[in-house]
Number of protein chains: 2
Amino acid sequence: MTGVESATTRSTRGRRERLRAETTAEIKDVALALMASGGPDAITLRAIAREMGMTANAIYGYFATRDDLVTALIDDVYTALADAVDAAWAATPADPPATRIRAWARAFRDWALGNPEGFRLIYGDPVPGYRAPEGGAAPDAAHRVCTGLAGLADAAWPHAGPRHADHGPESPGFDWSDFDPGLLAKVRPAYPDLPPAGVALALRIWGSLHGTVSLEVYGHLSRQTVSPGKLFDQELGALVRSLGLNG
Amino acid sequence: MTGVESATTRSTRGRRERLRAETTAEIKDVALALMASGGPDAITLRAIAREMGMTANAIYGYFATRDDLVTALIDDVYTALADAVDAAWAATPADPPATRIRAWARAFRDWALGNPEGFRLIYGDPVPGYRAPEGGAAPDAAHRVCTGLAGLADAAWPHAGPRHADHGPESPGFDWSDFDPGLLAKVRPAYPDLPPAGVALALRIWGSLHGTVSLEVYGHLSRQTVSPGKLFDQELGALVRSLGLNG
DNA sequence: TGCGAAACTATACGGCGTGAAGTTTTGATA
DNA sequence: TATCAAAACTTCACGCCGTATAGTTTCGCA
């Protein structure tokens, strides 16, 4: 009987946990759907509960606070973004580097334009009064994205290094201590030949891409040009050229 | 008597309008103060009214809705940003162009770091549920900022033109019809020699600067590096170099 | 002095996050 | 199979929000 009992115990306990996980997932799914249809502000506990046929307070059994729910959403969405760009990276041959860089950048932009609300959730003021917590999956996903960028920098470094090495009186030069240890823990093992200035280059590439895409997602570019796509292609060309890749 | 009467009328009418203007200004000042201390979400009609010893509904005599107030704030703040970068431009000699470009870019970043909430108000999701209206001072200020950027591009165009002229199978080339007429109405008279590709270059410079500054203002850079200033200087160096200015 | 408009208040509605307390459901156990 | 504790969920309440409507005060002007 012990065997049967323990099996029953295990299965029922598993059932409870499974139901709980399903409800948790449903809450997040509904929240994402609300966000997709009405923007990040549409994520309200009451609206989610309404959609699920529950009371708003029932959600407190799954998330201690609305901010915790938003944090979980950010974690998921940021992870999805990291997956998307990593996939584009993996799906493109390493040679020529320019092609791979273009693929990565286009994946970044495509994801952002395809998930504008998600982009806002990650990189904007997510939701009224929200403040990001310390740990979680989001910083990890951010490091993954930056590591991907470091891959771009690493691929281009043989050509770009000479151009982007620290020089000039206004450029003090970079050291490992300039960067977050958690980021370096990912980057350095993956790209052992990349110097600190190369990591800095990766972050600057991030800035360029983020700026163009961000202006576009938030609708600022569309008030200046009707061809943001062209602009992005030009930006990519300039980026590749500035990396000495002539691609 | 007529003279006296008309003088009285004028003065009292002036008085009414002055009081009204003062109250309007106070509402905006309090709103900006609340935003500075608690972020854009702290801008609530009730909080403003509390601060002013009024009822929330009294504000409706000055702004038809909360969004109208936010729009007015955005107009003011965006205009202040445009003033700041224009002033930096005006205060720097035209030669060498690299120095002027650095000054403009630094003014942009300094303003953003000094007014992070204002930056978020302009470029982020300003406030829950807010949607920007069509006209107003904000688009005008945006055009002023872009015109300033066009000035950077124009100053560098003799050197940068050959590098950034349309070329390559992936760069279709720009035409005047690619850009907003309102923007061109400002840019073309100011810089008659700048071709469409130069305007595109200006927008791309905007993207680069916006990206770096935006990541910094929203706290994403600080999770990767402890030296965002260094990074920005490097970015400036790369920008100047990519413009062929060797500055 | 009194009129009319402008400025402001009072009250109310629905929606929000969330805390406290109560109720139902559910799975293990004796 | 009856029981019991814990988990899931509801109810009620509070204070916040924007805003609509109606009523009141203030004040320049004729």
Side-chain angles (χ1 to χ4, degrees), chain A residues 1-27 31 34-35 38-71 126-131, chain B residues 1-2 4-27 31 34-35 38-71 73 126-131:
Chain A
M1 283 289 277
T2 310
V4 174
E5 265 189 51
S6 105
T8 304
T9 300
R10 231 185 287 122
S11 77
T12 52
R13 183 168 296 161
R15 181 185 135 79
R16 277 249 273 255
E17 285 172 8
R18 201 190 66 237
L19 283 179
R20 187 177 177 77
E22 279 171 4
T23 305
T24 305
E26 189 186 352
I27 291 172
L34 286 170
M35 180 182 73
D41 315 318
I43 304 175
T44 70
L45 297 185
R46 293 179 125 104
I48 295 168
R50 221 177 290 130
E51 205 79 16
M52 294 178 65
M54 299 170 65
T55 305
N57 277 355
I59 299 178
Y60 282 86
Y62 298 87
F63 298 94
T65 178
R66 190 206 50 158
D67 275 15
D68 283 18
L69 169 58
V70 171
T71 300
V127 108
Y130 175 83
R131 285 298 164 259
Chain B
M1 283 290 276
T2 311
V4 174
E5 266 189 52
S6 106
T8 304
T9 301
R10 230 184 289 123
S11 77
T12 51
R13 181 168 297 162
R15 181 183 136 78
R16 277 246 274 257
E17 284 173 8
R18 186 170 39 86
L19 283 179
R20 188 177 176 77
E22 279 171 5
T23 304
T24 305
E26 189 187 351
I27 291 172
L34 286 170
M35 180 183 73
D41 316 318
I43 303 177
T44 70
L45 298 185
R46 292 179 125 102
I48 295 168
R50 219 178 292 128
E51 203 80 17
M52 293 177 65
M54 297 169 68
T55 306
N57 277 356
I59 299 178
Y60 282 86
Y62 299 87
F63 298 94
T65 179
R66 190 207 50 160
D67 276 14
D68 284 17
L69 169 58
V70 171
T71 300
L73 293 178
V127 105
Y130 176 82
R131 283 299 164 258

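Below, all heavy atoms of this structure are taken into account, side chains as well, without hydrogens, waters or symmetry copies. Residue numbers begin at 1 in each chain, while the letters A, B, ... track the order of the sequences.
Whole-Å rounding puts the B:Arg18 CZ to D:dC27 P distance at 14 Å. Rounded to whole Å, the distance from CE on B:Met54 to P on D:dT19 is 15 Å. A:Glu17 places its CD atom 15 Å from the C1' atom of C:dT26, with the value rounded to the nearest Å. We find that CD1 of B:Ile48 is positioned 16 Å from P of D:dC16, with the value rounded to whole Å. Summarising the geometry, the separation between CG on A:Leu19 and C1' on C:dG27 is reported as 12 Å, rounded to the nearest angstrom. Protein atom OH of A:Tyr62 is 9 Å distant from nucleotide atom C1' of D:dC9, rounded to whole Å.
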Nucleotide-resolved protein contact map, nucleotides 12-20 of chain C, B/S/- at heavy-atom distance under 4.0 Å:
B---BBBBB
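Put simply, the side chain of B:Phe63 does not reach to within 4.5 Å of the side chain of B:Val70, judged on heavy atoms.
Of the inter-residue distances, the one linking A:Met35 atom CE with A:Ile48 atom CD1 reads 11.0 Å to the nearest 0.5 angstrom. In this structure, A:Thr44 OG1 and A:Glu51 CD are separated by 10.0 Å, a value rounded to the nearest 0.5 Å.
With sequence neighbours excluded, the residues satisfying side chain to side chain contact (heavy atoms under 4.5 Å, CB included) with A:Ala42 are A:Leu34. The side chain to side chain contact (heavy atoms under 4.5 Å, CB included) test applied to A:Ala58 returns A:Met54, not counting sequence neighbours.
Under 4.0 angstrom from either OP1 or OP2 of C:dA6 there lies no side-chain N or O belonging to B:Arg20.
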Decide yes or no on side chain to side chain contact (heavy atoms under 4.5 Å, CB included) for A:Asp68 and A:Thr65, but give the supporting numbers first.
CA-CA 5 Å; A:Asp68 283 18; A:Thr65 178; 3.1 Å; yes
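Heavy atoms of B:Phe63 sit nowhere under 4.0 angstrom from any nucleic acid atom.
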